[in-house]
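Notes for the one structure printed next.
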Amino acid sequence: MMQPVNLMVNGTPYELLVHPSRSLLQVLRDDLHLTGTKEGCGTGYCGACTVLVEDAAVNACLYFAVDADHRHVRTIEAMRAPDGSPQALPAAFIECSGLQCGYCTPGMIMSAAALLASDPSPAEDDVRSALSGNICRCTGYQSIVASVMLAAARMAQHERQTQPEPSPRSRSRA
Amino acid sequence: MSAIIGTARTRADAAAKATGQAVYTADLAFERAASGVVLRSPHPFARIRAIDVARAQGMPGVVAVVFSGNTPRKPFDFSIKDQHLFPQEYVRYKGEPVAAVAAETEAQAHAAAAAIDVKYEALEPVMTIDDALRDGAQLVHPRWKAYEKSATRFMRGNVCGRNRIRRGDVEKAFERAHVVIDSSFELSHGIPGYVEPRSAAARKEPDGGLTVWCGSQSPYGNREELAEFFDLDVERVRFVNQFVGGAFGGKILMAVEWFVAALALNCERTVRMIWSRHEDGLHVFPRHGGRASFRTGAAQDGTLLGMRASFAFDTGAYLGYGSGTALIATMLASAPYRIPALDLEAKLVYTHKQVAGPVRAPGGPEATYCKELHIDEVARALSVDPLELRLKNAWVDGDESPTGQKLTSVSARETLQKSAAAIGWGEKLPPNRGRGLSCSWWFSSCGRSEAKVEVRSDGSVHVVSGNPEIGTGSAAGALPILVADHLGIDPSQVRLTLADTATRTYDGGVHGSTATFSAGQAVEAAALDVRRQLLASAEESLEARVDDIELSGGFARVRGFPDHAVAFANLAEAAGGTITGEGGAREIEDPEFDPELVQSHDFAAWMAPSFTTSAAEVDVDPQTGCVKVLKIVTAQDAGFAINPTGVVGQIEGGAVQGLGYGLTEELQFDESGIVNTGLKDYLLPTAVDAPAIEAIIVESPSSEGPHGMKGVGEPPVTTPAGAIGNAIRDAVGAVPHKTPMTPERVWRAINAI
Ligand code: FES
Ligand code: FES
C-alpha cells in the first residue's frame, strides 16, 4: 500500500512511492542516499536526525515521509555554497572546533539553522535551549554554542553589508 | 624548531564532518547486502534446553543462520575464559545473543529470528552484589572451577577477581590519628553514550579471507581476535574502519563485528547489521557499578596517616573489562596524596547484568568520586579548608605512588591551585551556592604503533596510521600537526587515511590515553624518515648541501635563495612516484615499582602520570534537591599540548560526561534484567544542563611521551562528579553518597531520610 509523495529536498523535486510507515529519515538515507543526516536513537531523543521542514527543525526519525508531501525539506547537504564551500554555520563549526566525532554535527547545524532563521541574534541561553534536543557526547557543548554565536554574528554582519540601511521614509512608512 | 606543534589548528576531518560528507559505517552502500539480525535472550538467567533453527533456515529470503551449534565453541575473553560467542548452556543476561540470522531483507531476517525455537528454563537471577555474595548464593557460573584463567587471577564462586595494595600498618595509623573518618558509597552503571549505535558489515573473500567494515577503537586488535576465533589467516582478514560516531571505550570490545563475521562466513553475501539504539543498549558494555567504603585517619593538622579502602564492582555476566577497572580503582583510591599506611582492595563480582566494559577512564570517575567526597569529609571533621588539606598532602616530585613508584613531573598542586583560583575559592557565595574540588591522577600508555608518511607525485602528503579516529582528534587533529611540522607545510595540507589493516600499519588502538602518545611517535618517526629522503633527493637536484636546504610550502629550498627550489611533486616523481617514510613507536619500559606492596596486581606501574583537578560551583534548591552546575573548571596536566584545541576538547567533553555521571546517568536493572536501553530514560546531559567550562592546560612534561606529552583522553572525565558532590555539600551541608546525585537523593540527603 504505497503512497505517492512529492518531496522538495534541498531544492530538488522528487516524486516517490512511499509506504506510509516509513520515516522521512529512512527515505532521505535509504531512498535518496542523503546519508549526511544521522540516526542516533530513532525515537526522538538525540536530535542526530534533525532536518528542516519549511524552516522548522524536526526529528526526521519521527516524521512520516508522507507528511512531508509537497513540503520543502532541507538537510545538512544543503549547507554548502554552490562551489562546495561550507556556509556560515558549518564554517563556524569548523573554525570553533564545534565537533569531534561529528555524528551529532549535521543535526546540531540544522537545529541551529532553524534557530537563526527565526532569531538572527540569539543570546547564548537561546542557543542552548534551541539545541537542547540535540545530544552531543563529545564536546561538552561549549564549542558548539560558540560556533552558533559566531555564525550568527557573521550572518548578521553579512546582512548589514548586503542590505542598505532603510531610508528614513521607508522606516516611517513601516 | 617547532612553529606548528603546540599551536591551535583545525582538524583534518572538520570540513567533511560539518557538511555531512564524512562517511560512517551505516552510511556505506553495498550491492545486494543481506541484512543481519541477532536473536537475544529475553531472560536475565535461564538454562537453554534446546535450540531448533530448522524452521528459520527454510524461511523466505534467509541466507544464513548461526548459533552455538554451527560456530566455534571455544571460550574467549580476558584473563578468565568465561564467555562464548553464543552461550552453550545458560544465558546470563537479558539481551545475550543466542543466534543470528541473515536474510534478503531486514523484515525477513526478523521473521526468521522469531521462528528460531529456543526452549528456556527460566532461573532466578542474581541481580545485585549483595545477592551474589550471600551465603549459598546462586552461582552465575556454576562451572567456574573448570574455567581456564591466568595464574594470578583470584576466583571463588561469584567473585571473579580481587587485587590489593598494602603498605605500612593502617591499624596503627588509625590508633595514632586525631580523627578516623568512615564513608561508604554506591555507584551506578553508566553507558559510554556514543551517539552512533554500532554497525558493521562483512564479506567473505575469494582467497578465504574476510573483510569487515566497522567503526572500531582497535581494528588491528579486533582483527587478531576474530581471525583466531574463526581459525582464519590473520593476514587475510581485513578491518576497514570508517569514521566513528563516538566510542568512549564502548567500541574496544567487539560486538556487532562478531555477528556479521559469523554470518558472512556462512554464506556468499555481504552481511550488514545496523543496530538500533535499543539493541545497542542491550549489548552495551557499561561502566562498572558497585560500592565502596573508605576509612581514613588524619592528624590534627590535616596530615593524612592511613587509609583503608575497599571496592566491590559489579562486572555483570562475564568478566569483561573488570580487571582493569578494579586495578585502576586501587591505584586511585589514595592518590594523589601522601599517605604512609595503605590497605586498598577491589573485588569483582558476577551478576546477571550486561558485561561491564572499559568506558572512558574505567574505574576513574568511580574511585575519584568516592575518594574525593571522603577527603572532604576528613577536612570537615578537622575544620581544615579542603583545598589546604589537599595541598598539604598532595604528592610532589620524589614522592612514591601507592605501589612504590618514584614520581617525577608531579603537577597535583599546580592543578589544584589553578582550578581553585579560577573558581574563586574562598570568596563569599550567596545561600545555597557552593564550591567543591576534586583531584586525581592518571596514566598514559604506550603500545605498538606503526605509520607511513607518503609524498606523492602530485605533491600531496598523506599520513597512514593504524590509529582509528574515534572523534577525539588523536588521528585527525594531532597526527597532521606532527607531520606538517617536519615537512614545513600547513597541517591542513596533510591528508589522513582512516585506519585500514590493508595498509599494514599496526596500531594497538585508542584506549588507555595512548593514541597520540603511541601513534604520535610512529607518525613523527615516519615524517622524519620522509624528511630525510626529501632532503637527500633535493641535495642532488638543487646541488646544495643538506644543511643549506629547508622544507617549506611544499618545496625544498636553498636557504637564503627561496627561488632556488624544487617541488615535493618533482622529488616524488624522481623517486618513482612516491616517497614513503616509515616509523614506529619506540618501546618504553614501564617505571619500577615495589612488587612487595601488591597482590594480584598487574597494573602497578603508571607511565607518564598526569594530574587533574576539577572545581565546580553549584546552586542547589533545597526544596526540590535540584542541582544546577554553574561552572566547572578543569586543570589538566597534558605534559605538553601538541594539539591544544584537541586537549581543550577532551577537557570540555570530559567535564560534561563527568557531570552526567555525577547527576543524571544511571542504568537501571530489575528482576527481569536491564530496564533503560534507550535515551528516553537514560539521561545524557544536554546543552542546557552543561555549565560554563574553563579548561586550563598545565604542562609538566613527561620524560616518556613525544615532546613531553601525557595522554589526556581519559582523565578529564574522572574528577567532575567529585567536585560537584563536594560543591553540593558546601551549598547545603549534605550530599548523597550515591551516583547519580539525583534531585530525590539530594533532597533525602538534606533531610536525612
Ligand atoms: S535519531 Fe531521531 S532523534 Fe535520535
Ligand atoms: S561531536 Fe561527537 S557527539 Fe557531538
### Task
Any pair with a residue in residues 42-71 of chain A that passes salt bridge (Lys or Arg N to Asp or Glu O under 4.0 Å), sequence neighbours left out, goes on the list, sorted by first then second residue, please.
A/Asp55-A/Arg74
Please look at [X] and chain A and tell me whether the side chain, the backbone, both or neither of the residue comes under 4.5 angstrom of a heavy atom of that chain.
X	value
B/Gln650	both
B/Val244	backbone
B/Ala16	neither
B/Pro685	both
B/Ile693	both

### Task
Taking the side chain as every heavy atom from C-beta outward, state whether B/Glu196 and A/Cys101 have any atom pair closer than 4.5 Å.
no
### Task
Would you indicate whether the side-chain heavy atoms of A/Ile135 and B/Thr686 approach each other to under 4.5 Å?
yes
Which atom names give the shortest non-hydrogen contact between [X] and [Y], and what distance separates them?
X	Y	result
B/Ala18	A/Ile76	O-CD1, 3.5 Å
A/Cys138	B/Phe248	SG-CZ, 3.6 Å
B/Thr645	A/Ser97	CG2-OG, 3.0 Å

#### Entry: Residue-level contacts of residues 276-287 of chain B with chain A, using a heavy-atom cutoff under 4.5 Å
B/Arg277
Checking [X] side chain against [Y] main chain: does a donor-acceptor pair fall under 3.5 Å?
X	Y	result
A/Gln100	B/Gly649	yes
B/Lys680	A/Tyr45	no
B/Lys17	A/Tyr103	no
A/Arg137	B/Tyr194	no

### Message
Which residue is it: A/Pro106, A/Ser85, A/Pro86? I am looking for the one with a side chain to side chain contact (heavy atoms under 4.5 Å, CB included) to B/Thr19.
### Response
A/Pro86
Residue among [options] with most heavy-atom pairs under 4.5 Å to chain A:
options	answer
B/Gly646, B/Gly193, B/Gly654, B/Ala692	B/Gly193
B/Ala655, B/Ala14, B/Ala8, B/Ala476	B/Ala14
B/Ala22, B/Ala29, B/Pro192	B/Pro192

### Message
Using heavy-atom distances under 4.5 Å, tell me whether A/Gln87 contacts chain B through its side chain, its backbone, both, or neither.
### Response
neither
### Task
Sort A/Thr35 into side chain, backbone, both or neither according to what part of it lies under 4.5 angstrom from a heavy atom of chain B.
both
### Task
Using a strict 4.0 Å threshold on nitrogen-to-oxygen distance, state whether B/Arg11 and A/Glu95 make a salt bridge.
no
#### Entry: From A/His33 atom NE2 to B/Asp27 atom CG, the distance as rounded to the nearest 0.5 Å
12.0 Å
### Message
So for atom NE2, which belongs to A/His19, do other residues, nucleotides or ligands contribute more than 12 heavy atoms lying within a distance under 6.0 Å?
### Response
yes
